[in-house]
There are 2 protein chains.
Amino acid sequence: MESSANEFLRGTLKTIILKLLTEQRPASDELSGVSFTRQGRMYGYEITQAVKERTKGEITLSFGALYPVLHKLEQEGLLTTETEEVEGRLRKYYTLTPQGTQVAVQKVSDFERFMDTMRHLLQLPVNLATGH
Amino acid sequence: MESSANEFLRGTLKTIILKLLTEQRPASDELSGVSFTRQGRMYGYEITQAVKERTKGEITLSFGALYPVLHKLEQEGLLTTETEEVEGRLRKYYTLTPQGTQVAVQKVSDFERFMDTMRHLLQLPVNLATGH
DNA sequence: ATTTATATATAAGATTACGATATATATAAT
DNA sequence: ATTATATATATCGTAATCTTATATATAAAT
């Protein structure tokens, strides 16, 4: 049985992945040791965990769904990859290209608009109670 | 090129159709001429027009998408049909079964929850400005 | 006459997401 | 020693879903 959240996930995966990658994340210069923030760089497993944590387990991004999307985004020129060895294992980091950043912003905005349209279509109230 | 609204439509079609059918609509007793309201009864073409009008053309439900869903919902016992001749043409009306009404309510509620989750995941503000 | 609007429906094809599976290392518990 | 858990990438087959194109037909409008 498909979870009720994942039923609606169809079509939003790209948007979720691109948005997560736009976020500023802590980093450090390995030579100088100086800490700073920079635009995201995430590896596959990390993305699935981030989605799980933020949605308190409501949305589960399976690997079978994730990797095909990552590969497609890379193919489309929205992501680049760098593979690094971390603790004996290879880890593949994904980073947004400038075009990827642009598409990410566009897609999030499109999704907001879609939610408004759906709220109207389904005659749903604007949600004040659960404001974050 | 796929419209940005329709990109996110996947997974929401059943919910939209079921919800529209839950709505009270004007009707009349053909014998007595008395007007009243009753739970929806819509035909396919009417559904596509209702979606188009309410979303100001942002969401377009194609027939190729609509009919398979209607047939499936009927098969699943959520809808029943009655065919009538109107102005020389056959028209097929779809009505919710009691189970269909139940599923409709559940799906709309699931979708609201999904939107909340997505708003959180994408760090979107609660939308006050466009409240309907 | 022809186009537009109304109306139902199927077929072909592409896309998408999921479950299962394979591979591999590291660590913690039994 | 073995088992389990967590981390990590990736493919394959399948099922479901959606898009586009097509067929059919009537009525009204131009």
Side-chain angles (χ1 to χ4, degrees), chain A residues 1-18 41-53 55 57-76 79 81-94 107 111 114, chain B residues 1-18 41-53 57 59-76 78-79 81-94 107 111 114 118:
Chain A
M1 184 80 72
E2 188 178 50
S3 98
S4 60
N6 285 8
E7 173 188 350
F8 299 114
L9 205 57
R10 205 169 272 283
T12 63
L13 278 188
K14 272 189 189 179
T15 305
I16 291 172
I17 293 168
L18 290 174
R41 185 178 93 145
M42 295 178 91
Y43 50 98
Y45 185 83
E46 191 184 8
I47 293 174
T48 64
Q49 295 309 299
V51 170
K52 202 181 186 180
E53 277 165 38
T55 65
E58 268 200 72
I59 295 179
T60 307
L61 224 171
S62 71
F63 297 118
L66 175 67
Y67 286 110
V69 175
L70 284 175
H71 299 330
K72 199 174 176 214
L73 290 173
E74 189 184 358
Q75 216 186 285
E76 288 172 355
L79 301 181
T81 59
E82 6 169 23
T83 302
E84 279 175 32
E85 198 182 311
V86 180
E87 288 167 47
R89 286 181 232 115
L90 283 180
R91 187 180 283 178
K92 200 165 172 183
Y93 286 100
Y94 295 85
K107 280 209 182 293
F111 186 70
F114 172 72
Chain B
M1 187 75 75
E2 188 178 52
S3 102
S4 60
N6 285 6
E7 173 189 350
F8 299 115
L9 203 59
R10 5 184 110 257
T12 63
L13 278 188
K14 272 190 190 178
T15 305
I16 291 171
I17 294 168
L18 290 174
R41 185 178 91 143
M42 293 178 92
Y43 50 99
Y45 185 83
E46 191 184 9
I47 294 174
T48 65
Q49 295 308 298
V51 169
K52 203 181 187 180
E53 278 166 35
I59 294 179
T60 307
L61 224 173
S62 71
F63 298 118
L66 175 68
Y67 287 111
V69 175
L70 284 175
H71 299 330
K72 199 173 177 214
L73 291 172
E74 187 183 0
Q75 216 186 284
E76 289 171 357
L78 306 183
L79 300 181
T81 60
E82 6 167 22
T83 302
E84 280 175 31
E85 199 181 311
V86 179
E87 288 166 47
R89 287 181 229 113
L90 283 181
R91 185 179 282 177
K92 200 164 170 182
Y93 286 99
Y94 296 85
K107 282 211 179 291
F111 185 70
F114 172 72
M118 282 296 286

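So that the names make sense, note that chain A is the first sequence line, chain B the second, and so on, each numbered from 1.
In this entry the distance linking CD of B:Glu85 with P of D:dA25 reads 15 Å, nearest Å. Counting to the nearest Å, the P atom of C:dA20 and the CG atom of A:Leu66 are 18 Å from each other. The interatomic distance linking A:Ile17 (CD1) with D:dT9 (P) rounds to 13 Å, in whole Å. Note: NE2 (B:His71) to C1' (C:dT8) measures 8 Å, nearest angstrom. At whole-Å resolution of the value, NZ in A:Lys92 and C1' in D:dT11 are 13 Å apart. Atom pair B:Leu13:CG and D:dT19:C1' shows a separation of 11 Å (rounding to whole Å applied). For the pair A:Leu90 CG and C:dT23 C1', the interatomic distance rounds to 12 Å; values are reported in whole Å. Taking atom CZ on B:Arg91 and atom P on D:dT24, their separation rounds to 23 Å, with Å as the unit.
Among the protein residues, B:Gly64 comes within range of the nucleic acid bases, having at least one heavy atom under 4.0 Å from a base atom. Among the atoms of the strands shown, none is found under 4.0 Å from any heavy atom of A:Tyr93. Nucleic acid contact class of B:Glu46 (heavy atoms, under 4.0 Å, all strands): none.
Contact annotation: B:Tyr43 reaches the phosphate of C:dA7 (side-chain N/O to OP1 or OP2, under 4.0 Å). Between A:Asn6 and C:dA17, a side-chain N or O to OP1/OP2 separation shorter than 4.0 Å is absent. Within the structure, every side-chain polar atom (N or O) of A:Ser62 is placed at least 4.0 Å from both OP1 and OP2 of C:dG19. Dashed line: the shortest gap from a side-chain N or O of B:Tyr67 to OP1 or OP2 of C:dA9 is not under 4.0 Å.
Taking the side chain of B:Lys72 as heavy atoms from C-beta on, and the options D:dA10, D:dT17, C:dT10, the nearest nucleotide is D:dT17. If you check C:dT16, C:dA9, C:dT6 against the side chain of B:Phe63, the one that comes closest is C:dA9. When each of D:dC18, C:dC18, D:dT7 is scored by its nearest atom to the side-chain atoms of B:Val69, the top-ranked nucleotide is D:dC18. Of the listed nucleotides (C:dC18, C:dT8, D:dT17), C:dT8 has the atom at the smallest distance from the side chain of B:Tyr45.
Smallest separation of non-hydrogen atoms from B:Leu13 and B:Ala65: CD1-CB, 3.9 Å. Taking all atoms of both residues into account, the shortest heavy-atom contact from B:Lys107 to A:Phe8 is O-CZ, 3.8 Å.
Using a 4.5 Å heavy-atom threshold, the side chains of A:Tyr43 and A:Thr81 count as separate.
In this structure, A:Asn6 contributes its side chain and A:Thr60 its backbone to a donor-acceptor pair below 3.5 Å.
Sequence order on DNA chain C of the closest nucleotides to A:Ala65 and B:Gly44 puts B:Gly44 first from the 5' end.
A salt bridge links A:Lys14 to A:Glu76: at least one charged side-chain nitrogen sits closer than 4.0 Å to a carboxylate oxygen.
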**Message:** side chain to side chain contact (heavy atoms under 4.5 Å, CB included), that's the test. Do A:Tyr94 and A:Ile17 meet it? Break it down for me.
**Reply:** CA-CA 10 Å; A:Tyr94 295 85; A:Ile17 293 168; over 6 Å; no
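For D:dT26, its base sits under 3.5 Å from the side chain of B:Arg89 at one donor and acceptor pair at least.
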